K.L.:
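One structure, pasted below without further comment.
Every value quoted in this text rests on a predicted model; they were computed, and no experiment measured them. Quick note: numbers below take in every heavy atom, side chains included, and nothing from hydrogens, waters or symmetry partners.
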Amino acid sequence: MARKKKVQQEEAPEVEPIASSDSDSSNEEEEEEEEEEEYDSEREDNANDAKDSHDDDDDADDDDVSVQDSFDGSEDFESQGSSDDDDDRLERQAESDDDDDSFDGEGGVQILDLDAPRSWKSKRDDNGRAKIDRKNESSRTNEDVAVDEATVKQVSALMHTDDLSSDDEDPAGADNRIGRIPLHWYDDYEHIGYDAHGQKVIKSSQGDNLDRALEEADRDHGKFVVYDALNARNVELTERQITLLRRLQSGAFAHPEHDANPDYIDYYSGIPEISGLNSNRYEKKSRFQPSAYEKLQVRRLLHRLKCGSINMDFLEGKVRDMNDLVKRKEQDSDKPFLLWKGNEEDELALRKGPQHIAPPKQPPPGHAYSYNPPEEYLPSQEELEEWSKLDPEDRPYGNFIPKKYDNLRSVGAYPDAVKERFERCLDLYLCPRVMKRRLNIDPESLVPRLPRASDLRPFPTTKCIEYRDGELTGVVRCLSVSPDGQFMVSGGEDGIVRLWEVQTGRLVRKWDLAEVVVKVLEKENDGFSNKLDLTRAAVLRTQKPDDDEEGTVKTKKPITSIEWNPNRSHHCLIAGIGKCAVIIATGTGGVDDAEITEALLSEALSVKSGGNIAPESRAAKAVKWLSLKKYNKQTSSSSTPISAYGGTIGPVVILQTNRDVSSVRWHRKGDYFVTVSPKAGAAAVLIHQLSKAASQQPFGKTKGEAQLACFHPMKPFLFVASKEHVRVYHLVKQVMVKRLMSGCRHISSLDVHVSGDHVVVGSLDRRLVWFDLDLASTPYKTLKYHERALRSVGFHPRYPLMASASDDGSIHVFHSMVYSDLMRNPLIVPVKVLRGHSVVNSLGALAMVFHPTQPWLFSAGADGKIHLFQDL
């Protein structure tokens, strides 16, 4: 059977009924009071009956109005709001209102037989209340008025049926209270949450699809039943809920009495009004006193007026700015002014638009263009004939021929004036022009400003000591200083090595290496029994025939190079003479240094059979070690150490090569040293180790003729200088790292800075070349301060100083500051020129060396003198 929907009438709040007419107030008040009494009694009856209500599906009366499917259907929904339907509904509501007091036979729940409208046409009265629009108020009867009032009453009650808060909807507290927790968290449980008392809300079984289909078939109004997933139960929608849903689906407001366009109430008026507050207050006392600020302004204006910076026109407002008045006076004045101010070009350059380029000016006319030129400017007949044969461009004055007139009035018109003006216009029109700006730059500003020499002290300035020896008359070729700066050695043209004391200038020791080498080689080779050994010994003595050829004069080989061991604990030095390099023990060490020096030289003193060199190596054919231990014993009585603990003194070992030795250099640690023999080919550069008495030949073939060689102070690099290039070799990797292109014809000297990043080279073509190894392989600076060839260059080991010695007899000292910051270039400033050597046979200052700890400089020259320059 079709089941009628029974709606429980809950207790609703009191609602004021909508006024039905605009009749007089007395009738309306009586009707309202009667309606309120009826409404209150009806609400009480309904509330009492709702407590014992139950559904009666079998015995339903025909008079009850069942909630059918009448709301479904587009035709009924679209016809909402028509006047006929509203009248029918109002009549049915009036009839049902008469039977409100009737109950069913069983005393059950009252059935609400109200078919609620979907919309109501209403207006607002003066009190803001909605009222029913009656077109024919005069034709309406009292019954119609009563029906309308009852309808308004029931509609208002219907719309406020469940207008309760969320807390009042479940007074028993049986609904689910889990809040916003997702329901799928309870999928594996038999309950779906908890109620207000903490009890589980058990899931209700909905059955399968067949059960649900049968249940919907039995319930003809099943479409108004929805499933509440939160509480796991079916909920029947009330009439009001259905009405609200229908209104929302149709796009209308939920409440039918809501007015979306109410009449505008002008709460705030746009008319300003005076409130009257503080209107009776007295004026301040300051309003009646003169203003100090205005007094100050008047005083300033009077002062400016007296000074003349303003006038009365400015004060009266006739002129807004005094500058306008000045410009107006300048424009109105008849004073003369300059047409050309001299800044026309600047004004044209600042002008907007295309740049204006002024045409080139023509040269001013000379004496030949005068009407009374001098006689030397007047051409002769022969010159006129020669000019006629030349082109106008090649003539001295073009088409113009100088002529002489008695006065200016006698000068006629120039026949080529129009033609030249036309050509000038063509040149200006057709020839392109380019703006050429003159640079007003001071030439001195382009040259970097160097600091003053007095600010770069200390550096050597004055000759203080001269070292002399009665037998020293020849050329002094080389110098070297001990690491502690106490002793200095020199090598001369006579083959003698002299040891000097720096502070006193006293000659301490001297060794004739030429005699020692000859004597040793003669005994080693058994009196020249071997022709090859005879040739090796003969290089130390050259035969020079006299004019009568009766005898020969024996001359000694010079000391070509000498250097003290840079290690403070190693008191020995090396000297190059002829084809040999000789190791000399100086005997200047203390107790500890003497023992270290003896240990260093022990292997060299006991060397046999040419040294500790592998017979199959390349160095075995290039060098031979010869110990002088037994020869030193024979002459030990005449050679005593300088120090009481000096130990061995004098020549210790000789290294014999195939060619003349031109350069010897130590490694920084004092064990390795390198010798250079330019004519030896691939064996020109040999590296030796003193502690092991061993030698090695690093190169198998030569690249140019090696002139000089030295070690890098920090890295395992070897610098080898040929006549034009300096090659840098990595001794561990055995590869060439870099080649420095000096641009010189013949390199004569080489030195490396203590940092290892800078190299200085001197050449015989007067060039001093500075290389920055981190910058490029080309010279950083090339200096040409000397007039002749450079013989020696070097850096100071401690101070930022550099010096160069030349054949012109002078020594130039430079301040050479090298910065650790790679972004700053080295600072090279010439500070002093030292002179003290005379030029002998085109040779001047041949050697120079810095003191290791002081800003002093030693120099030696072809005149046989040795000088010490100090900073005084």
Side-chain angles (χ1 to χ4, degrees), residues 478-489 491 497 499 502 509 511 561-576 581-607 611-612 623 625 627-628 641-643 645-655 661 663-676 685-696 698 708-719 731-732 750-756 794-798 849-853:
C478 49
L479 294 174
S480 184
V481 186
S482 62
D484 56 1
Q486 187 177 358
F487 300 97
M488 183 263 295
V489 292
V497 175
L499 180 63
V502 173
R509 291 287 185 275
W511 298 279
S561 179
I562 190 170
E563 187 173 9
W564 202 296
N565 196 313
N567 195 331
R568 284 177 172 266
S569 301
H570 299 168
H571 291 265
C572 61
L573 56 90
I574 182 174
V582 183
I583 304 296
I584 303 175
T586 60
T588 56
V591 179
D592 297 335
D593 294 346
E595 295 179 358
I596 296 174
T597 304
E598 290 292 339
L600 178 67
L601 300 175
S602 61
E603 190 68 25
L605 288 171
S606 61
V607 68
N612 300 328
V623 64
W625 290 68
S627 176
L628 303 180
I642 300 173
S643 174
Y645 308 98
T648 305
I649 185 174
V652 176
V653 65
I654 295 177
L655 283 76
V661 177
S663 174
V664 292
R665 297 293 291 269
W666 285 98
H667 189 265
R668 180 178 57 88
K669 295 184 178 180
D671 189 13
Y672 288 90
F673 61 93
V674 60
T675 61
V676 179
V685 180
L686 298 175
I687 299 177
H688 314 275
Q689 187 177 5
L690 182 58
S691 61
K692 295 183 179 180
S695 301
Q696 55 182 329
L708 301 165
C710 65
F711 291 98
H712 192 282
M714 303 295 180
K715 300 178 182 179
F717 290 169
L718 179 66
F719 295 86
L731 297 177
V732 177
L750 173 69
D751 196 17
V752 183
H753 195 265
V754 291
S755 64
F795 290 103
H796 196 287
R798 180 173 294 182
V849 63
F850 281 103
H851 193 278
T853 58

K.L.:
Within the 4.5 Å heavy-atom criterion, are W625 and H688 side-chain neighbours or not?
P.N.:
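A side-chain contact under 4.5 Å exists here.
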
K.L.:
Would you please test I583 and L601 for side chain to side chain contact (heavy atoms under 4.5 Å, CB included) and show each step?
P.N.:
CA-CA 9 Å; I583 304 296; L601 300 175; 4.1 Å; yes

K.L.:
Check whether any side-chain heavy atom of V752 sits under 4.5 Å from a side-chain heavy atom of F717, and report yes or no.
P.N.:
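V752 does not reach F717 side chain to side chain.
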
K.L.:
Which heavy atom in E563 sits nearest to a heavy atom in R665, and how many Å separate them?
P.N.:
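Minimum heavy-atom separation between E563 and R665: OE1-CA, 3.0 Å.
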
K.L.:
When you compare the side chain of C572 with that of W666, does any pair of heavy atoms fall below 4.5 Å?
P.N.:
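W666 vs C572: side chains touch.
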
K.L.:
Would a distance-only check, ignoring hydrogens and angles, find a side-chain to backbone donor-acceptor pair under 3.5 Å from E598 to T648?
P.N.:
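At least one qualifying donor-acceptor pair exists.
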
K.L.:
What's the separation between atom CD1 in I596 and atom CG in N567, rounded to the nearest 0.5 Å?
P.N.:
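Reported value, rounded in 0.5 Å steps: 8.0 Å.
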
K.L.:
Please check if the side chain of H753 supplies one atom and the backbone of F795 the other of a donor-acceptor pair under 3.5 Å.
P.N.:
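Looks like no, no N/O pair under 3.5 Å.
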
K.L.:
Between D671 (side chain) and Q689 (backbone), is there a donor-acceptor pair under 3.5 Å?
P.N.:
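Not a single qualifying donor-acceptor pair exists.
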
K.L.:
V676 and A709: which non-hydrogen atoms are nearest, and at how many Å?
P.N.:
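V676 and A709 have their closest heavy atoms at CG2-CB, 3.5 Å.
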
K.L.:
Going by heavy atoms in the side chains, are D593 and T588 under 4.5 Å from each other?
P.N.:
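No, their side chains stay 4.5 Å or more apart.
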
K.L.:
Please round to the nearest 0.5 Å and tell me the distance separating atom CZ of R798 and atom NE2 of H851.
P.N.:
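One finds 10.0 Å between CZ of R798 and NE2 of H851.
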
K.L.:
Would C478 and I562 count as a side chain to side chain contact (heavy atoms under 4.5 Å, CB included) if you check the C-alpha gap in whole Å, the side-chain angles of each, and the deciding distance to 0.1 Å?
P.N.:
CA-CA 6 Å; C478 49; I562 190 170; 3.2 Å; yes

K.L.:
Does the side chain of I642 come within less than 4.5 Å of T586's, by heavy atoms?
P.N.:
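Contact flag for T586/I642 side chains = no.
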
K.L.:
Got L628 and V652 here, is their nearest side-chain heavy-atom distance under 4.5 Å?
P.N.:
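With C-beta onward as the side chain, the pair stays apart.
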
K.L.:
Is any side-chain heavy atom of L731 less than 4.5 Å from a side-chain heavy atom of I687?
P.N.:
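Of all side-chain heavy-atom pairs linking I687 with L731, at least one is under 4.5 Å.
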
K.L.:
Would you check, one step at a time, whether the test side chain to side chain contact (heavy atoms under 4.5 Å, CB included) holds for L499 with V497?
P.N.:
CA-CA 7 Å; L499 180 63; V497 175; over 6 Å; no

K.L.:
Quick check: do P713 and V754 have side-chain heavy atoms less than 4.5 Å from each other?
P.N.:
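Sidechains of V754 and P713: no contact.
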
K.L.:
Measuring from atom OG of S691 to atom NE2 of H570, what distance do you get when rounded to the nearest 0.5 angstrom?
P.N.:
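Nearest 0.5 Å value for the OG-NE2 distance: 8.5 Å.
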
K.L.:
Atom CG in D592, atom OG in S569: separation rounded to 0.5 Å?
P.N.:
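Separation between the atoms: 8.5 Å.
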
K.L.:
Under a 3.5 Å threshold, yes or no: a donor from one side chain and an acceptor from the other, between T597 and H571?
P.N.:
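Side chains of T597 and H571: no pair found under 3.5 Å.
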
K.L.:
Give me the ring orientation class for W564 and F487: parallel if the planes are under 30° apart, tilted from 30 to 60°, perpendicular past 60°.
P.N.:
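It falls in the parallel class, under 30°.
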
K.L.:
Locate the shortest heavy-atom distance separating Q486 from S482; write the atom from each residue and the value.
P.N.:
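Answer, listing the atom of Q486 first, then S482: N-OG, 3.3 Å.
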
K.L.:
Heavy atoms only: give me the nearest H796-P852 pair and the separation to one decimal.
P.N.:
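That closest heavy-atom pairing would be CE1-O, 4.0 Å.
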
K.L.:
Ring-plane angle category for H712 and F719, please: parallel below 30°, perpendicular beyond 60°, tilted otherwise.
P.N.:
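Rings of H712 and F719: parallel, under 30°.
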
K.L.:
For F850 and G794, work out which heavy atoms get closest and say how close.
P.N.:
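Answer, listing the atom of F850 first, then G794: CE1-O, 3.6 Å.
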
K.L.:
Does V664 offer a backbone N or O that forms a donor-acceptor pair with the side chain of S561 under 3.5 Å?
P.N.:
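Between the backbone of V664 and the side chain of S561 there is a qualifying donor-acceptor contact (under 3.5 Å).
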
K.L.:
Can you name the closest pair of heavy atoms from V685 and L718 and give their distance?
P.N.:
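The answer is CG1-CD2, 4.2 Å.
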
K.L.:
How far does OG of S627 sit from CD of E603, to the nearest 0.5 angstrom?
P.N.:
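That separation rounds to 10.5 Å.
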
